[in-house]
Amino acid sequence: MSRNARPTALGTALLALCSACRFEPPRPVLHFSLNAEEIATQNADLDENLADQEHLLGALEFLFGTPSHPKFLVLPEWADEEVPFDPNYWSVDALASDEESERMAALRASNARAYAAQIAAVRADDFDAVPEPRYAPDLWEDWLALVAERREGSDEERDWVAEGVELFEGYFPLLEVSAELYRQQCYHCHGAEGGGDGSTARFLNPRPRDYRPGIFKFIAEKSKAHPRNEDLFRVLSEGIYTTAMPSFRRFTDAQLWGLADYVKLLSIRGETEILMISDYDSAEGIQPETLLENYRLVVERWRNAQNDFVAYEGEIPESTPERIARGRDLYMDANGANCVKCHGATGRGDGESVKNNPEDATDEWGDPILPRDLTRGLFRFGRRPIDIYRRIYAGINGTPMPEHFGMQITEKDGTKRLLDEDDVWDLVFYVRSLSAAPLHHGAAVPGAAEDAHAPAEHE
Amino acid sequence: MQALKHLLLRAFFTLLFLAVPVLGIWTFVKAPDWNVWFPESVSSYGGEIDRLFWLICWMVAIVFVLTEMALVYFFFVYSKRDRTRAAYTHGNHTLEMVWTAIPAVLLLVVAFSQMGTWAKIKMNLPEDGPYSGEHPLMQVYASQFDWRAVYPDREGNFRGADLIESPYDIYVPVDTKVIFTLHSRDVLHSFFVPSFRLKQDAVPGMAIPVWFEATKVGAYDLVCAELCGWGHYKMAGKIHVLSKDDFDAWLEGRRAALYSNGSED
């Protein structure tokens, strides 16, 4: 055995011993870091003042805790609201207050599936046989507490089986448990602060999302609003096809809602930080009033996201050849929706603007971006007509794709009017018809169907 | 004293070597109790795979036990004694013929006994089912790092806007010869469903037809069995085997949901 191999072998043996004894080394207390790039580029004063950087870091920790113990600071005014608002239980409160509560039912069904073995043992009143679930230390702690209570015996009559089943079926993770899940599943791409700068991020194209500016591409809202919990949940559940963001359906609904809450925490923390950096003045330092004001502002923006939801009442219209033809006219017309400028006459994402000024095609995170090739039938955030409707209606945050609803267009006869819902539907069905077109115009290409989902040359 | 020490050492090492076959067989016997054995086979050809597995397993087990026994016996009987010298032999035509012929025969047994099963599973797609290589039930796309099933539109096309995408969860009907094509969007992956005894590599640029017939309703694990990158461990999925009616209802439900007005989002 060489000299180097010996400590390795010793370490391996020690690790094996530890895992055999179920010994977990104490977890180090983690801390968030500051957004160094933002400070360096936006505020030279703060960049030089290391003491105030420490103050800012401490102030943010006061609001949001650490990755090991994340929390939202609850402002007194929120506690006084008619329905007290506590962002620490953001998703679970929103789900529970949902009148139809379909999502809550889905969440309970998902828990029932994930903890079927536990629930079966509880139903059989065999409390000792309940196996420890994975990824849910808080649930296990609650369960052990219930078992202990039962063992001690209490005077009152309690339905222990029903309580046990409810514990597993109604489980919703604590924020710090979601943070731990984030550390295991998301951290390596999205980074500790959600800066999209994890260790595996540099292998990816497109890059992982930087949450800190609070800009999210795939949402169902207009006016560059923030995402709702449902939007974040959907991304986690469906993944974003053709990117490195996988589907995380192997976790329960409750865990995904919990992760969405933690992503919100990172994003709100990042936005507050960016506001603090731009507000910083070396004469005043870090002021608590400014801090709370910025925090309140950012949280309110997130709370108001619901108001910008792009809803469509009633049944969506039917696709007709007339509609597709009208959509084509709008698509091609420079005075119409002018999609052709970027997406090109054939819809392959090779419009004039891309050909002439490729350096202009960057997103708000500074990465190169190309218009979607609409002929491939691949839509990153859903292929339903309503998904494409929302993309065209509201645009895509952080990208050159603008909001089309209400833009001014000129008809062929010269009359000016605003682009309305019906026009958006025309465009939707034209865009959808493109993905049914043959891949290569002209001769049929053998195996064309197989190529449809092959990797793009540029993402 | 010296003789006793020698005997004890002999006994110790003999028992140590004896522990190898004993522990080896014991783990095989106990494996199902520890839940580290095959899951229940729920595909039409799972039994054939298991029979081949057991054929090879028994061959290996018998040879393993015989050689281990010989090793232990020799260890005890021929351990070095004082001043005895080893005797060397060279060349024994009969012995060499025997130890060449027996493995050759065993190899031929293995080779010929699996040919029919291999052809059935990998080479010939079943023609008596509702699906074929040209009209598969679905396409399955492997990518770093998830699985995604794509079901055709009502006309059976795999191009167009009305396809059904289902990440992670793959739905198939029970008691039906399901044919699907396996694709990769980036690197090598491998579609492995232990309960079906089915494993097939996904190769970029190829549409590989794969078939199975699930015999029991339930949800079964799908894993990636080819190291495909740093997120390989994430690449899991679930195959949901539904009754035929449930499957049709599911597909119909997904097709209807395509035209939802999004109010449920």
Side-chain angles (χ1 to χ4, degrees), chain A residues 100 102-103 113 185 188-189 199-200 203-204 220 228 230-231 234 237-239 241-242 244-250 309-316 318-319 376-379 382-390 429 431-439 447-455, chain B residues 134-136 139-148 150 152-153 155-170 181-187 204-208 219 221-223 229-231 233-238 240 254-265:
Chain A
E100 293 163 29
E102 251 174 56
R103 288 203 170 83
R113 269 196 307 279
Q185 301 293 333
H188 60 78
C189 286
S199 50
T200 47
F203 303 114
L204 305 180
R228 301 163 306 139
E230 289 83 349
D231 300 318
R234 187 162 167 214
S237 167
E238 301 277 322
Y241 196 26
T242 73
M245 176 74 186
S247 154
F248 283 97
R249 280 198 198 168
R250 68 200 178 95
F309 181 60
V310 180
Y312 188 80
E313 301 295 329
E315 296 219 346
I316 64 168
E318 228 169 286
S319 170
R376 286 156 55 85
L378 292 175
F379 302 98
R383 55 171 68 247
R384 298 178 305 172
I386 188 70
D387 294 322
I388 301 165
Y389 175 84
R390 284 175 180 149
F429 289 113
V431 165
R432 278 172 61 88
S433 76
L434 287 176
S435 58
L439 269 182
E450 282 83 49
D451 286 337
H453 297 250
Chain B
E134 287 74 41
H135 298 285
Q139 298 176 332
V140 173
Y141 285 88
S143 64
Q144 290 175 317
F145 296 95
D146 61 5
W147 298 100
R148 194 169 286 252
V150 176
D153 61 17
E155 283 77 47
N157 297 318
F158 283 97
R159 259 190 75 62
D162 286 344
L163 311 182
I164 305 296
E165 278 179 31
S166 183
Y168 184 83
D169 294 307
I170 295 175
T181 53
L182 184 61
H183 310 247
S184 167
R185 292 195 59 245
D186 33 47
V187 298
M206 287 178 77
I208 302 170
D221 286 325
L222 160 67
V223 290
W230 46 264
Y233 69 100
K234 290 188 181 195
M235 243 184 116
K238 276 268 188 257
H240 300 270
R254 287 297 305 264
R255 282 182 177 143
L258 262 183
Y259 286 89
S260 121
N261 69 357
S263 57
E264 75 277 12
D265 291 349

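The chains referred to below are lettered A, B, ... by the order of the sequence lines, with proteins before strands, and numbering in each begins at 1.
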Interatomic spacing from CD in A/E315 to CG in B/N261 - rounded to 0.5 Å: 8.0 Å
Segment of A/R113 engaging chain B (4.5 angstrom heavy-atom cut-off): neither
Smallest separation among heavy atoms of B/G160 and A/R383, with atom names: O-NH1, 3.5 Å
Smallest separation among heavy atoms of B/P167 and A/S247, with atom names: CB-CB, 3.7 Å
Residues, nucleotides or ligands: over 12 heavy atoms within 6.0 Å of B/E264 CD: yes
Distance, nearest 0.5 Å, that separates CD of A/E238 from CZ of B/R148: 7.0 Å
Distance-minimising heavy-atom pair for A/R384 and B/A257: CD-O, 3.6 Å
Portion of B/A219 that has a non-hydrogen atom of chain A nearer than 4.5 angstrom: neither
A/E313 versus chain B, the contacting section by heavy-atom distance below 4.5 Å: backbone
With sequence neighbours excluded, residues passing salt bridge (Lys or Arg N to Asp or Glu O under 4.0 Å) with B/D153: none
Heavy-atom proximity to chain B below 4.5 Å, by part of A/F248: side chain
Heavy-atom proximity to chain B below 4.5 Å, by part of A/R250: both
Distance, nearest 0.5 Å, that separates CZ of A/F203 from CH2 of B/W230: 8.5 Å
Minimum side-chain heavy-atom gap B/E165-A/F379 below 4.5 Å: no
Chain B interface, residue from A/H188, A/R234, A/R228, A/E230 that has the most non-hydrogen pairs under 4.5 Å: A/H188
Shortest non-hydrogen contact between B/D146 and A/M245, atoms and distance: OD2-O, 4.4 Å
Approximate separation, where rounding is to 0.5 Å, of B/D186 CG and A/T242 OG1: 11.5 Å
Over all atoms of both residues, closest heavy-atom pair of B/S166 and A/R249: OG-NH1, 4.3 Å
Euclidean distance, B/Y168 OH relative to A/S237 OG, rounded to 0.5 Å: 11.0 Å
Residue pair B/Y259 / A/E318, side-chain heavy-atom distance below 4.5 Å: no
Approximate separation, where rounding is to 0.5 Å, of B/R185 CZ and A/L378 CG: 7.0 Å
